[in-house]
Amino acid sequence: MTAPPILDKHLLRRREERAAPAPEGIDFLMQRAIDEVAVRLAMVERRFERAVAAFGRGPALAEALLASGKVDQILSLEQSLAAARLHPGQVAVTDDEALPLAPESVNLFASVLSLHNANDLPGALIQIRRALQPDGLCLAVFPGGGTLAELRHAFMHAEAEMMGGVSPRVMPFADIRDVGALLQRAGFALPVVDREVVTVRYREPLTLMAELKAMGASNVLSERARKPVTRALIARAAEAYRELYGDGEGRVPATFELYAVSGWAPHESQQKPAKRGSAQVSLAHLLEEKNRE
């Protein structure tokens, strides 16, 4: 039996359609993710003939890839027509779980703040891996487990108090250990997952909620409550947010846990771990020598 989807992708596309482009300065996480991809690309000593800039909700990701001087051709992918219209170059509108890419057709795939929206993350990673030529590179940044923990708890507190129960308000995010295992399962070589915790402080929880809505990042869970959120619930959640997390200056934190991921399509030229049993000196012998000192 097929599990029900976690996210309502139709609603997600509608929200992104309304949010593209986000007001100046609002989508700060997107710019941070793009900068991280650019930094990691700068450390790679090679050129990429055909690259994909995936789901950047505008041309900034593609522009960053071109500015690196390491990319020749770029195809941008977007989930909404509004975002696609912002691109001056080649662009296709598609779902992040149905990539319009032939096997081994590109040698760089860059994705920002998108993989967490996949109902089938293992399947999405496998699609990326298949689209890469041997020795092709995947670079991605997306939010992980601790993201918006404060907002999640504040709404749970408010709903339990006012309604006697809770409904899902903030989507679940993958754990860093799971992401590393999924990269290996998808067939990536030399997988790396780095974690960065970004804490943004707001004077008002309502400002955070408004910014998330402007980014198109409000609740799109399939199991969300279908009744509109009342002003009373929002007000109580904001109050609970301040009670639980407010600091001495009257500000509240919002945590964003970002995972920066890289993985290569396997190729014979890549470094490989030594074969089991190939060591010239045994660990037991080294420990014995150490204990004698």
Side-chain angles (χ1 to χ4, degrees), residues 12-13 15-102 105-118 124-125 127-128 131-133 135-143 192 194 196 198 200 211-212 214-217 256 258-265:
L12 175 64
R13 283 189 290 272
R15 295 269 172 87
E16 288 195 0
E17 188 83 22
R18 289 198 298 266
E24 185 70 26
I26 289 293
D27 213 347
F28 59 92
L29 281 181
M30 177 63 74
Q31 189 57 56
R32 193 179 191 106
I34 291 171
D35 291 344
E36 183 65 29
V37 166
V39 167
R40 290 172 181 271
L41 183 58
M43 295 187 291
V44 179
E45 295 297 329
R46 59 164 290 185
R47 291 192 64 81
F48 299 91
E49 294 80 13
R50 289 177 294 278
V52 170
F55 311 111
R57 299 205 299 272
L61 175 59
E63 290 169 354
L65 297 183
L66 285 173
S68 73
K70 297 183 177 183
V71 174
D72 296 329
Q73 301 176 7
I74 293 182
L75 168 65
S76 295
L77 302 179
E78 294 288 2
Q79 291 201 104
S80 73
L81 185 58
R85 285 173 173 159
L86 300 173
H87 288 264
Q90 188 178 14
V91 61
V93 178
T94 186
D95 187 83
D96 56 3
E97 296 178 77
L99 300 179
L101 302 173
S105 59
V106 299
N107 45 26
L108 174 63
F109 188 98
S111 168
V112 284
L113 302 191
S114 172
L115 285 176
H116 66 294
N117 289 326
L125 290 172
Q127 285 192 55
I128 295 170
L132 288 171
Q133 296 175 355
D135 207 29
L137 174 63
C138 171
L139 294 173
V141 178
F142 59 96
V192 174
D194 291 323
E196 178 188 17
V198 179
V200 183
E211 287 194 358
L212 291 173
M215 293 178 193
F256 299 91
L258 298 180
Y259 298 157
V261 170
S262 65
W264 295 82

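Everything numeric here is computed off the predicted structure, so don't read it as measured data.
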> Any side-chain heavy-atom pair from Gln133 and Phe48 closer than 4.5 angstrom?
Replying inline: no
> Which atoms form the tightest heavy-atom contact between Glu17 and Leu81, and what is the distance?
Replying inline: OE1-N, 3.1 Å
> Is any side-chain N of the basic residue among Glu36 and Arg40 closer than 4.0 Å to the acidic one's carboxylate O?
Replying inline: yes
> Roughly how far apart are Met215 CE and Leu113 CG, rounded to 0.5 Å?
Replying inline: 9.0 Å
> Quick one: does Val44's side chain get under 4.5 Å of Leu108's, heavy atoms only?
Replying inline: no
> Any idea which heavy atoms bring Glu16 and Asn117 closest together, and the distance?
Replying inline: OE2-ND2, 4.1 Å
>> Return the CG to CG distance between Asp72 and Leu65, rounded to the nearest 0.5 Å.
In response: 12.0 Å
>> Less than 4.5 Å apart, side chain to side chain, heavy atoms only: is that true for Phe109 and Leu99?
In response: yes
>> Could you check whether any side-chain heavy atom of Tyr259 comes within less than 4.5 Å of a side-chain heavy atom of His116, counting everything from C-beta outward?
In response: no
>> Strictly distance-based, threshold 3.5 Å: is any side-chain N or O of Glu78 a donor or acceptor partner for the main-chain N or O of Arg57?
In response: yes
>> Minimum heavy-atom separation for Gln79 and Arg13, please, with both atom names.
In response: O-CD, 3.4 Å
>> Is the shortest side-chain heavy-atom distance between Leu115 and Leu125 below 4.5 Å?
In response: yes
> Quick one: does Val106's side chain get under 4.5 Å of Leu132's, heavy atoms only?
Replying inline: yes
> Out of Leu61, Thr94, Val91, which one pairs with Leu77 under the side-chain contact (heavy atoms from CB on, under 4.5 Å) rule?
Replying inline: Thr94
>> Can a side-chain donor-acceptor contact be found between Gln31 and Asp35 if the only test is distance below 3.5 angstrom?
In response: yes
>> Just so I know, are the side chains of Phe55 and Asp95 near enough to count as touching, which here means a heavy-atom distance under 4.5 Å?
In response: no
> Is a donor on one side and an acceptor on the other found under 3.5 Å between the side chain of Asn107 and the backbone of Glu49?
Replying inline: yes
>> Using 0.5 Å steps for rounding, measure from the CG atom of Leu139 to the CE atom of Met43.
In response: 9.0 Å
>> Within this structure, what is the CG-OG distance for the pair Asp96 and Ser111, rounded to the nearest 0.5 Å?
In response: 8.0 Å
> Measuring from Leu66:CG to Gln73:CD, what's the distance to the nearest 0.5 Å?
Replying inline: 10.5 Å
> Of all heavy-atom pairs between Ala53 and Ile74, which one has the smallest distance, and what is that distance?
Replying inline: CB-CG2, 4.1 Å
> What is the minimum heavy-atom distance between Pro59 and Pro88, and which atoms define it?
Replying inline: CB-CD, 4.1 Å
>> How long is the straight-line distance from CG of Leu137 back to CD1 of Ile128, given to the nearest 0.5 Å?
In response: 11.5 Å
> So which heavy atom on Lys70 is nearest to which on Leu41, and how close?
Replying inline: NZ-O, 3.1 Å
